[in-house]
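Taking it in order: structure first as structure tokens, then the write-up.
Note that the structure is predicted; figures quoted are calculated from it, not measured. A note on names: the letters A, B, ... follow the listed sequences, proteins ahead of strands, and every chain is numbered from 1.
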Amino acid sequence: MPDTVQFDPVCYSVNSTAMGDVLAAVPVVKYAIDTYHRECDYRLVASKHFKEFFYFVPDSKFLVMEDDTWKFDKVYSLRRLNDVGPKGNLCRLTPAKMSLSYYASIGLLGEILDKNKYNYLPLPEVDITKFNIDFAKAVILVVSYRDINRSIPNAELLKIAEYVKERGYTPVYIGRTQDGAWKDRAPVSPFVAPSYGVDLRNQTSILELASMMSNSIAVCGVDSGPIHLAGTTPTTIIAGYTNVDWRYRVPSRRNGRTVVIEPDPIDCRYCSSRWAKDYYDFLNCYYGHNNCVKTLRAEKYINALETVL
Amino acid sequence: MIISDPVCYSMNSISMGDVIAAAPIIKYAIETYHKNTDYKVLVRPYYWDIFKSFIPEDKLGDQSLPFTFHPPWQIRYLNTPRSTNARTTSMHMHLSTFASIQFLNRLIDVDYMNYLPLPKVDVSHFNLNLDKSVLIIVTYRDEVRKISFDTVAGIAEWVKSRGLIPVYIGKVDASEMWKDSPFKLSFDSLPEGVDLLNKTSLLEMASIMARSRAVVGLDSGPIHVAGTTSVPIVCGFTNVDPKHREPIRKKGIFIPITPEVECAHCQSNWWLNYYDFGFCYFKHADCLKQMTATKFISALESIGL
């Protein structure tokens, strides 16, 4: 590139409250900075809850999404992860039908990158000794969920926890239902922890959770923010997928095995990825039966765990 | 089973390459999502022939006319209407990828992106010996894609020296549809050869190309028409990277001619969201100067002409 070309200064707005969306966008933002902003200025807008994901962005360039007083000069082009624009029945780009990584690079850069550029970035390791857990014997179970059609029924969770315990390992229950980036739809966790295992719900920071995952044997759950967080580590992930096709959601990473748990082959599984219903809220089952969730049975997770433990 | 909304696909581009690259995406959409739900395709009548083989006429509309759809109908535009935000454009990706993203919100397999063959039409009235014809595209819209007389004349001379016939194609047109970006010719007269300038319809041009020996020119609409056939294509790329513009097709030789300057393919490689790359950023158009006859001739020789 000739030295005399001055690229546009850009403000990248990672305007999502979904942890998976943001984690998938992190390597795209890093690519943009490394490629287009060696000499040209930029700003990054993201939730304060996710600031640590962008450890490579200086504080002076990070703008907090929740702080509505932030401003930047109009010389910056604005690129948003989730575009906002004309309302009504003009279809918008959404991540329902493509990988979060592609979505991020299209929204933020207007291009498709080489696949190896999408690998989730490892997060800084933090001290987790205060939890007094032998993570070398821990299996992390994600027991919170935001959408009922992306959950594991409690009875199935208990069977998985029981299996982990019987194998001589420690089930660690995680999930956050308080103080997150979300606005309208906070996760819930009706799971009643059994007498065994360690219940760390709402007790870890994001970086602590990532460090725990990194040191554990496996992370089990349904497609959700914590599963994407596990994608920043090389730890084995066992993840169930219901309304979104796993091909679009398995975290991109250089190392680490991901075992996909699929619903039984019912006609409507992966509905939000396969259908063309641009305004239906796939957070709720179109038919109201949630059959995809019901077929994410514990035995599928246990079969996967048997290959790991 | 796939459940879908009724959708209006608005092909709001006048660029032939955009439309031809989008056609297979529309066909995929119809076959995948509209078995049971309605749809409409809005496109300039000039391009209707591209779609008539798989879209009933009552589902084709004129994109230039006002239209209104009410929910549950959805509207998808090829080019997102302008706003103050930087938008997704085809500057940094393949035209077919762009069409897939914009119309379907997904990246379909490349197998579904193959340019669609156009209906064959009678071209006997042109009295051409197509087995000996090499088509040279001589018109242009953007200044940085303006083929020079020397290049055209050099290619034509070589074509004749091989016992073949140079046939000049393209159109000079500043009519209503193209008024903002008219088709031009940068020289007053053509070298010796067959002049088909402004003489072919879209389908005639495709049928002529399909039976010719090769199509030569700079990246432009007719190159994409050639992409609907299996004819060998030798195409020069100045401001755009060929990987973003090579027609997708099952078979057919494609040889890109690329400049060796640091700023080559600027539109594809740079991060300038609002610059009009139809004009050289440095005003020297060095990339264009390297689109010499010698390079095209070497490519034509390599395919055995």
Side-chain angles (χ1 to χ4, degrees), chain A residues 1-13 32 35-37 40 42 74 76-80 83-86 88-99 102-103 105-113 245 248 266-268 270-280 286-287, chain B residues 1-10 29 32-34 37 39 68-77 80-94 97-98 100-108 244 261-266 268-275 281-282 286:
Chain A
M1 203 271 293
D3 296 337
T4 48
V5 180
Q6 182 68 39
F7 286 169
D8 288 339
V10 177
C11 178
Y12 300 96
S13 177
T35 307
Y36 302 122
H37 299 287
C40 154
Y42 71 93
K74 285 182 180 173
Y76 291 82
S77 297
L78 179 62
R79 297 206 73 111
R80 300 176 204 256
D83 206 350
V84 289
N89 56 347
L90 171 63
C91 295
R92 311 299 305 168
L93 195 64
T94 75
K97 300 159 194 165
M98 64 178 71
S99 84
Y102 281 152
Y103 179 69
S105 71
I106 292 167
L108 296 175
L109 303 182
E111 62 186 300
I112 309 283
L113 304 179
D245 194 320
Y248 300 149
I266 52 179
D267 195 39
C268 55
Y270 305 142
C271 51
S272 74
S273 298
R274 293 173 47 238
W275 296 1
K277 294 288 291 178
D278 286 285
Y279 287 93
Y280 181 72
Y286 186 80
Y287 297 115
Chain B
M1 185 178 69
I2 288 176
I3 297 180
S4 309
D5 293 321
V7 177
C8 169
Y9 300 95
S10 177
T32 307
Y33 303 116
H34 298 289
T37 56
Y39 68 94
T68 306
F69 286 95
H70 300 289
W73 278 80
Q74 313 296 336
I75 301 169
R76 299 206 73 109
Y77 290 99
T80 310
R82 286 181 187 280
S83 77
T84 53
N85 298 340
R87 312 297 307 168
T88 302
T89 71
S90 59
M91 277 172 58
H92 301 114
M93 64 179 76
H94 196 281
T97 305
F98 178 65
S100 177
I101 290 169
Q102 295 295 84
F103 279 140
L104 304 183
N105 194 12
R106 65 181 78 222
L107 293 161
I108 62 174
H244 291 160
V261 289
E262 197 181 10
C263 54
H265 311 322
C266 51
S268 303
N269 296 330
W270 296 1
W271 196 220
L272 291 174
N273 289 296
Y274 295 98
Y275 183 72
Y281 185 84
F282 297 115
D286 283 348

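Rounded to the nearest 0.5 angstrom, B:Leu104 CG and A:Met98 CE are separated by 9.5 Å. From B:Ile3, atom CD1 reaches atom OH of A:Tyr286 across 4.5 Å, with rounding to the nearest 0.5 Å. Within the model, atoms CZ of A:Arg79 and OG1 of B:Thr88 stand 6.0 Å from one another, a figure rounded to the nearest 0.5 Å. Here B:Met93 contributes atom CE and A:Ile106 contributes atom CD1; the two are 5.5 Å apart, rounded to the nearest 0.5 Å.
Closest approach of B:Arg106 to A:Arg274, counting heavy atoms only: NH2-O, 3.9 Å. Smallest separation of non-hydrogen atoms from A:Phe7 and B:Asn269: CZ-O, 4.5 Å.
Using cut-offs of 30° and 60° for the angle between ring planes, the A:Tyr36 and B:Trp271 rings count as parallel.
When heavy atoms are compared at a cutoff of 4.5 Å, B:Ser90 does not approach chain A at all. Of the two parts of A:Leu113, neither the backbone nor the side chain holds a non-hydrogen atom closer than 4.5 Å to a non-hydrogen atom of chain B. Contact annotation for A:Tyr102: only side-chain heavy atoms (C-beta onward) come within less than 4.5 Å of a heavy atom of chain B. Only the backbone of A:Ser273 comes within contact range of chain B, with at least one heavy atom under 4.5 Å from a heavy atom of that chain.
Among the candidates A:Tyr103, A:Tyr280, A:Tyr12, the residue making the largest number of heavy-atom pairs closer than 4.5 Å to chain B is A:Tyr12.
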